[in-house]
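All remarks here apply to the structure that follows.
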Amino acid sequence: MSKSSVRTRFAPSPTGYLHIGGARTALFAWLFAKSYEGDCLLRIEDTDKERSKEEYTEEIIRSFEWLGIEFDEEVVYQSKNAIRYKEVIDSLLEEGLAYVCSGEDLQEDKKFRDENLARDENTVVRFKMPEKGTTKFDDLVKGQIEVLNDELEDFIIERSDGSATYNFCVVVDDIDSEISHIIRGDDHVNNTFKQINVFKALKVEPPTYGHVPLILGEDGKRMSKRHGAVGVSEYRDMGILPQAFMNYLARLGWSLGDQEIFTPDELVKNFRSGNLNTAPASFSLDKLTWYNKEYLNAMEFTDLVDLIPSEHIKNDEYSKKVIELIRERCNSLNDFSTESQYFYNKPEAFKEEDKIKAIKENTLNLLNLLSERLSNLTEWKSDSIQEEIKAFVDDQEIGFAKIGIPLRLCLTGSLNSPSTDKVCELLGKEEVIGRIEFAIKSF
RNA sequence: GGCCCGUUCGUCUAGUGGUUAGGACAUCUGGUUUUCAUCCAGGCAACAGGAGUUCGAUUCUCCUACGGGCUACCA
């Protein structure tokens with residue numbers, strides 16, 4: 001095939017937010033096109049007037065913007081093509097490749113296959129399926145798929161209200177958009193047989209198909225909007241990085257040897273539909289989280305700072321130091337908020353279980369003594385703070401943990417945090433002394 | 001029910017007519033860390049089942065089981 005002729009499309013119906021399965025299918029369609037330096041279009045299939053909503057369309061477009069998938073050309077709206085569909089149906093009728101009938105019962109309807117009835121508000125138009133032979137195609141991921149035409153039925157292409165139905169619109173749009181390869185979900189395999197026959201009736205060579213297996217939820221059940229699937233925007237709101245999300249999605253059903261981390265460029269460069277898996281894959285939040293952490297850690301510090309939402313953490317010098325200190329403990333952008341709490345707010349209350357673990361018989365006394373020594377410390381740097389605490393520990397002939405653990409609790413309100421000396425340095429002497437004193441009173 | 005698709009560690013997957021069936025996530029065990037996180041080292045763990053083809057099948061074929069999809073005047 002010539003490189004520039006590859007054109008794919010992603011065609012969601014705006015009846016819900018973009019879900020993870022759709023995003024992955026779109027990603028594959030996009031990667032496929034881009035790997036051949038072709039184009040990938042976005043088509044909104046909004047012919048279902050009842051369920052389609054404009055807000056969903058907007059949400060879908062926003063999700064792709066976030067993900068970093070850019071579609072080529074103008075977005076196509078099926079709802080705007082009604083006249084075109086009608087024209088094509090007219091021509092099909094004229095050529096005797098479709099027929100008018102009541103639409104109530106297929107067997108009854110079939111009697112009118114060659115009748116040429118007049119259309120009115122009580123009739124529908126059915127497509128004349130070939131009755132003999134087979135319909136087959138060579139799928140990019142599944143190989144050859146074939147079905148007896150006998151299994152296919154004369155499906156309705158025009159409703160009684162005059163509007164065209166999905167399996168028909170899709171074909172007309174794919175022809176009009178000159179789509180060369182259709183990369184879509186597995187759930188369309190059976191539609192493909194119908195659509196191929198429409199292509200033939202329209203005397204257009206059908207495109208090449210590639211059916212990607214669907215994503216299953218962690219429970220192994222299908223992930224779909226109807227079954228409580230998760231929208232792409234929710235992952236954005238969780239503080240997942242788009243690059244990590246794209247990387248994870250790509251690896252869910254596609255692989256290149258043992259490589260796990262791919263930049264978008266590498267994905268485009270290396271994507272081959274032949275490397276797509278034929279079996280459905282289960283979504284794993286654990287692995288997504290791992291990817292996110294990898295990207296978070298690999299990111300340039302300045303870029304990271306810019307990405308952390310300001311409602312979580314401010315963009316000033318103090319906050320930069322905080323971010324530096326806690327970044328390796330964060331799995332998502334949002335974690336920066338929870339992990340940095342105590343750098344902005346004094347711990348007000350302590351958990352009973354933490355107190356039991358940290359506060360022993362002599363602890364309060366030790367805390368008082370340490371507080372005094374720290375307040376006399378002249379150089380307030382993590383190194384000197386650590387030295388001072390070590391000296392204190394030696395003097396008292398106790399283990400580091402005897403004072404380290406309670407100190408951590410006083411300063412952070414938690415038993416887990418970065419090393420206490422670094423926390424001390426950042427918090428500043430006054431604050432440290434204050435927190436120790438406050439904590440002693442509340443223990 | 002009919003038709004279509006699928007089945008390698010718990011999960012994502014690599015791979016081959018002869019391999020100690022590889023990697024990653026998760027998990028477990030050590031080491032580092034005063035804690036947690038990180039990091040390092042190591043461990044556990046898979047070819048759904050049955051026939052057939054073959055000197056030899058995880059790999060090829062068929063059957064069964066299981067899973068998924070479609071079967072709308074939804075897309």
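The basis for the numbers below is simple: all heavy atoms, side chains too, and nothing from hydrogens, waters or symmetry mates. Since this is a predicted model, take the numbers as computed values, not measurements.
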* To do: Determine which nucleotide pairs with B:U32, using a 3.5 Å limit on both distances of a Watson-Crick or G-U wobble pair.
  => none

* For the side chain of A:F193, starting at C-beta, report the closest nucleotide among B:C4, B:U13, B:A75. => B:C4

* To do: Mind checking A:T420 for me? I need base, sugar-phosphate or nothing, with any heavy atom below 4.0 Å counting as a touch.
  => base

* To do: Once you apply the 3.5 Å cut-off to both distances, tell me the Watson-Crick or G-U wobble partner of B:U38, or none.
  => none

* Structure fact -> Out of B:C4, B:G22, B:U34, minimum distance to the side chain of A:F400 belongs to B:U34

* Can you find a side chain N or O atom of A:S163 that sits less than 4.0 Å from OP1 or OP2 on B:C73? -> no

* Distance below 4.0 Å between A:T278 side-chain N/O and B:U7 OP1 or OP2 -> yes

* **Parallel, tilted or perpendicular, as decided by the 30° and 60° cut-offs, for the rings of A:Y295 and A:Y291** => tilted

* Asked: Ignoring hydrogens and angles, are the base of B:G69 and the side chain of A:D186 linked by a donor-acceptor pair under 3.5 Å?
  -> no

* To do: Could you work out the separation of B:G23 and B:C66 based on their P atoms and round it to a whole Å?
  => 34 Å

* To do: Please work out if A:H211 contacts a base, only the sugar-phosphate, or nothing of the nucleic acid, heavy-atom cut-off 4.0 Å.
  => nothing

* Asked: Does some side-chain heavy atom of A:L252 sit less than 4.5 Å from a side-chain heavy atom of A:K287?
  -> no

* **Sugar-phosphate only, base, or nothing, as touched by A:G185 at under 4.0 Å among non-hydrogen atoms** => nothing

* If you check the A:N416 side chain, which of B:A75, B:C3, B:U35 turns out closest? -> B:U35

* **Sugar-phosphate only, base, or nothing, as touched by A:E151 at under 4.0 Å among non-hydrogen atoms** => sugar-phosphate

* To do: For A:T135, report the nucleic acid contact type (base, sugar-phosphate, nothing); a contact means any heavy atom under 4.0 Å.
  => nothing

* Asked: Does any non-hydrogen side-chain atom of A:K132 lie less than 4.5 Å from one of A:N149?
  -> no

* Under 6.0 Å between ring centres, would you say that holds for A:F127 and A:F168? -> no

* Mind checking A:D139 for me? I need base, sugar-phosphate or nothing, with any heavy atom below 4.0 Å counting as a touch. => nothing

* Base of B:G23 paired with side chain of A:Q259 (donor-acceptor, under 3.5 Å) -> no

* For B:G15 versus B:C9, give the span between their P atoms, rounded off to a whole number of Å. => 16 Å

* Asked: When all nucleic acid strands are considered with a 4.0 Å heavy-atom cut-off, which category describes A:E328: base, sugar-phosphate, or nothing?
  -> base

* Structure fact -> Pairing partner of B:C47, by Watson-Crick or G-U wobble and under 3.5 Å for both distances, is none

* Side-chain donor/acceptor contact of A:D46 with base of B:A75 under 3.5 Å -> no

* To do: Return no unless some side-chain N or O of A:S255 is found under 4.0 Å from OP1 or OP2 of B:A14.
  => yes

* Aromatic contact, A:Y318 with A:Y344 (centres under 6.0 Å) -> yes

* Asked: Quick one: is B:U13 close enough that its OP1 or OP2 comes under 4.0 Å of any side-chain N or O from A:N277?
  -> yes

* Structure fact -> Taking a pair to mean Watson-Crick or G-U wobble geometry with both distances below 3.5 Å, B:A24 pairs with B:U11

* Asked: Checking all strands, does A:L415 fall into the base, sugar-phosphate, or nothing category for heavy-atom contacts under 4.0 angstrom?
  -> base

* Asked: Paired with B:U16: which nucleotide, if any, by Watson-Crick or G-U wobble criteria at under 3.5 Å for both distances?
  -> none

* Structure fact -> Out of B:C4, B:C73, B:A75, minimum distance to the side chain of A:I156 belongs to B:C73

* Go through B:A75, B:U35, B:C25 for me and flag the one nearest to the A:D286 side chain. => B:C25

* Asked: Base, sugar-phosphate alone, or nothing: which one does A:S282 contact when heavy atoms must sit under 4.0 Å apart?
  -> sugar-phosphate

* Asked: Checking only heavy atoms, does the side chain of A:K287 share a donor-acceptor pair with the base of B:A26 at less than 3.5 Å?
  -> no

* Asked: Taking it one step at a time, do A:K390 and A:E387 satisfy salt bridge (Lys or Arg N to Asp or Glu O under 4.0 Å)?
  -> CA-CA 5 Å; A:K390 275 188 175 152; A:E387 273 171 43; over 6 Å; no

* To do: Using only heavy-atom distances, decide whether a donor-acceptor pair under 3.5 angstrom links the side-chain of A:S419 to the base of B:U35.
  => no

What N/O pairs connect the protein and nucleotides 58-65 of chain B at under 3.5 Å? Give each pair on its own line.
none

* To do: For A:P213, answer base if it contacts any base atom (sugar-phosphate contacts may also be present), sugar-phosphate if it contacts only those atoms, and nothing otherwise; contact means non-hydrogen atoms under 4.0 Å.
  => nothing

* Asked: What does A:V189 touch in the nucleic acid at a heavy-atom separation under 4.0 angstrom: a base, only the sugar-phosphate, or nothing?
  -> sugar-phosphate

* To do: Could you check whether the rings of A:F283 and A:Y248 sit parallel, tilted or perpendicular, using 30° and 60° as the cut-offs?
  => perpendicular

* To do: Could you work out the separation of B:U59 and B:G52 based on their P atoms and round it to a whole Å?
  => 14 Å

* How far, in whole Å, is B:G31 from B:G68 if one measures between their C1' atoms? -> 46 Å

* Asked: Counting any heavy atom closer than 4.0 Å, what does A:K293 reach on the DNA or RNA strands: base, sugar-phosphate only, or nothing?
  -> sugar-phosphate

* Asked: Whole-Å distance between B:C4 P and A:L214 CG?
  -> 18 Å

* With a 6.0 Å cut-off on ring centres, are A:F10 and A:F28 close enough? -> no

* Structure fact -> Partner of B:C73 under the Watson-Crick or G-U wobble criteria, both distances under 3.5 Å, comes out as none

* Asked: Quick one: which of B:G23, B:G6, B:C3 gets closest to the side chain of A:R251?
  -> B:G23

* Does a nitrogen or oxygen in the side chain of A:S284 sit under 4.0 Å from OP1 or OP2 of B:C25? -> no

* Structure fact -> B:G6 -> Watson-Crick or G-U wobble partner, both distances under 3.5 Å, gives B:C66

* Asked: Atom CG of A:D258 and atom C1' of B:A21: how far apart are they, to the nearest Å?
  -> 12 Å

